[in-house]
Number of protein chains: 2
Amino acid sequence: MSIKMAKLQKSIDKRNALIKATIELVNNNGFHATPMSKIAKMANVSPATIYLYFENKQDLVNQTYIEVKTEYTKYAFATYEQSMSVEAGFKLIWNRIADFKLKECEHAMFLAQCDNSPMIDEDSRNEGIKHLQPLLDLWARGKAEGIIKPLSDYLLYAYAINPLSFLMITQKRGAFKLDKTHLEEAYQSAWSSIKVCE
Amino acid sequence: MSIKMAKLQKSIDKRNALIKATIELVNNNGFHATPMSKIAKMANVSPATIYLYFENKQDLVNQTYIEVKTEYTKYAFATYEQSMSVEAGFKLIWNRIADFKLKECEHAMFLAQCDNSPMIDEDSRNEGIKHLQPLLDLWARGKAEGIIKPLSDYLLYAYAINPLSFLMITQKRGAFKLDKTHLEEAYQSAWSSIKVCE
DNA sequence: TATATAAAAGTGAACGTTCATTCTTTTTTT
DNA sequence: AAAAAAAGAATGAACGTTCACTTTTATATA
């Protein structure tokens, strides 16, 4: 048993190393400018070994996307509970997302690049969208309670969440620094744009 | 003279055809999955001819980016005048941008993909940013008049303009339809998030 | 427990293909 | 006729993937 565990552990390490290398290289060079040979080298593995874990290059990047997206949404909703008020829930989730995008910047950039290019299969993309359900449910509740504007989820997402991606990427390019004050301001803008005005 | 004009005209036509083909193919397949041979074929030109107009593939995509970005900002500011009030000016520019993103969807998608991947040289990216100056000036005026929140331009852009990219891409993927009502709502959200509350 | 055998994991080199770019030739323009 | 523009074929490099082989691990047998 413990022997089998050790063996399995080893394999997962290699898979993780491959996914990590994929994220880093795709971030810096883009999908098609990232050869399998480089991914293998960075993961300290033979190119052929990649094909023991993934069907092909497309499968590797699809799986990487879903893995990172899952990690992202898990983090976003980790401390959220349905018993919270709409405003408190939204503030919490928003801050967790902001937190993730700043702390796990590399992962967030990878997601952004995938979301804005034809790099990912549509199936994998749809798979990734599902994970946002708790936020959509929260918004539905907010609309029912008359706290959140009765807009389509796409509009709410565009104004409440997506701007964080832009800010994170812009900051990563060195244009400016996102500090605590900026984040508080950003949250106020986000909330202003989706809350019902009194 | 008229012959020379005709000749020059012909050349520009070829250049335009190449840029048009680049946009379409890169939109559908991504930069590195778009071979020069296909660009040539779509533009009805020999692969070798591309190199009469562009140094290499990178130069082709850089020039395409700058050309589209210029067209975009020209459209955005075409009817704007400095004599307008801040609110009227912003509303006008915002609507022109929305208009462009919906009407020239292919071009807007190309810009979005460039802006979110390492496909474009940093120099070309910076070149593209400059064109937004009139909007930044408007915001500066708005802040001075106490109409617009005293936020960094990056924050204002993230909440007022960037969401349109997300909406355009999402609509293009067929997730929903951006009609007049949606656009009016989107504008209200944009304005809510950057205006000073009374 | 020690050894033999089978299976699984891992590898480096090689293959066939594709690609950006260049070379040589042909066509068009002046 | 000279020069410029365009074409198509050619080239060398790079890539994703596969292949034949080795090493490691697990299982069975004695």
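Chain letters run A, B, ... following the sequence lines, proteins first, then strands; residues in each count from 1.
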Length of the [atom1]-[atom2] vector between [X] and [N], whole Å:
X: A/Leu18; N: C/dA9; atom1: CG; atom2: C1'; value: 13 Å
X: A/Lys57; N: D/dT18; atom1: NZ; atom2: C1'; value: 17 Å
X: B/Phe54; N: C/dT21; atom1: CZ; atom2: C1'; value: 16 Å

Exercise for review: Verify the distance criterion only: is there a donor paired with an acceptor across the side chains of B/Arg141 and B/Gln82 at less than 3.5 Å?
Suggested key: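 Absent: no donor and acceptor within the cut-off.
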Check your understanding: Regarding B/Tyr65 and B/Asp115, is there a side-chain donor-to-acceptor distance under 3.5 Å anywhere?
Key ->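 There is such a pair (donor and acceptor under 3.5 Å, judged by atom type) between the side chains of B/Tyr65 and B/Asp115.
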Check your understanding: Counting just side-chain N and O atoms, does B/Lys14 come under 4.0 Å of either OP1 or OP2 of D/dA6?
Key ->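 B/Lys14 to D/dA6 OP1/OP2: side-chain N or O found under 4.0 Å.
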Check your understanding: Does a side-chain N or O from A/Tyr53 land closer than 4.0 Å to OP1 or OP2 of C/dA9, or not?
Key ->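 Indeed not, no polar side-chain atom of A/Tyr53 lies that close.
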Check your understanding: Honestly, is B/Lys57 close enough over B/Phe31, meaning NZ or CZ under 6.0 Å from the six-membered ring centre and within 45° of the axis?
Key ->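 Verdict for B/Phe31: a cation-pi partner in B/Lys57.
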**Study point:** Test: A/Lys101 cationic atom under 6.0 Å from A/Tyr75 six-membered ring centre, within 45° of axis
**Key:**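 Verdict for A/Tyr75: no cation-pi partner in A/Lys101.
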Practice item. Kindly state which residues belonging to residues 25-38 of chain B come within less than 4.0 angstrom of DNA chain D, counting heavy atoms of the residue only, listed by number. Key: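 Contacts with DNA chain D under 4.0 Å: none.
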Check your understanding: Salt bridge between A/Lys180 and A/Glu185, side-chain N to carboxylate O under 4.0 Å?
Key ->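 No.
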Review point. Less than 4.0 Å between a side-chain N and a carboxylate O, is that true for A/Lys20 and A/Glu106?
Key: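 Result for this pair is no, no salt bridge flagged.
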Exercise for review: Could you label the plane-to-plane angle of the A/Phe176 and A/His182 rings as parallel, tilted or perpendicular, counting under 30° as parallel and over 60° as perpendicular?
Suggested key: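 Geometry flag for A/His182 against A/Phe176: perpendicular rings.
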Review point. Who are the salt bridge (Lys or Arg N to Asp or Glu O under 4.0 Å) partners of B/Lys143, not counting sequence neighbours?
Key: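 Expected list: B/Asp153.
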**Study point:** Near-strand residues of residues 39-52 of chain A, defined as heavy-atom separation under 4.0 angstrom from DNA chain C
**Key:**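 Residues of residues 39-52 of chain A under 4.0 Å from DNA chain C: A/Val45, A/Ser46, A/Ala48, A/Thr49, A/Leu52.
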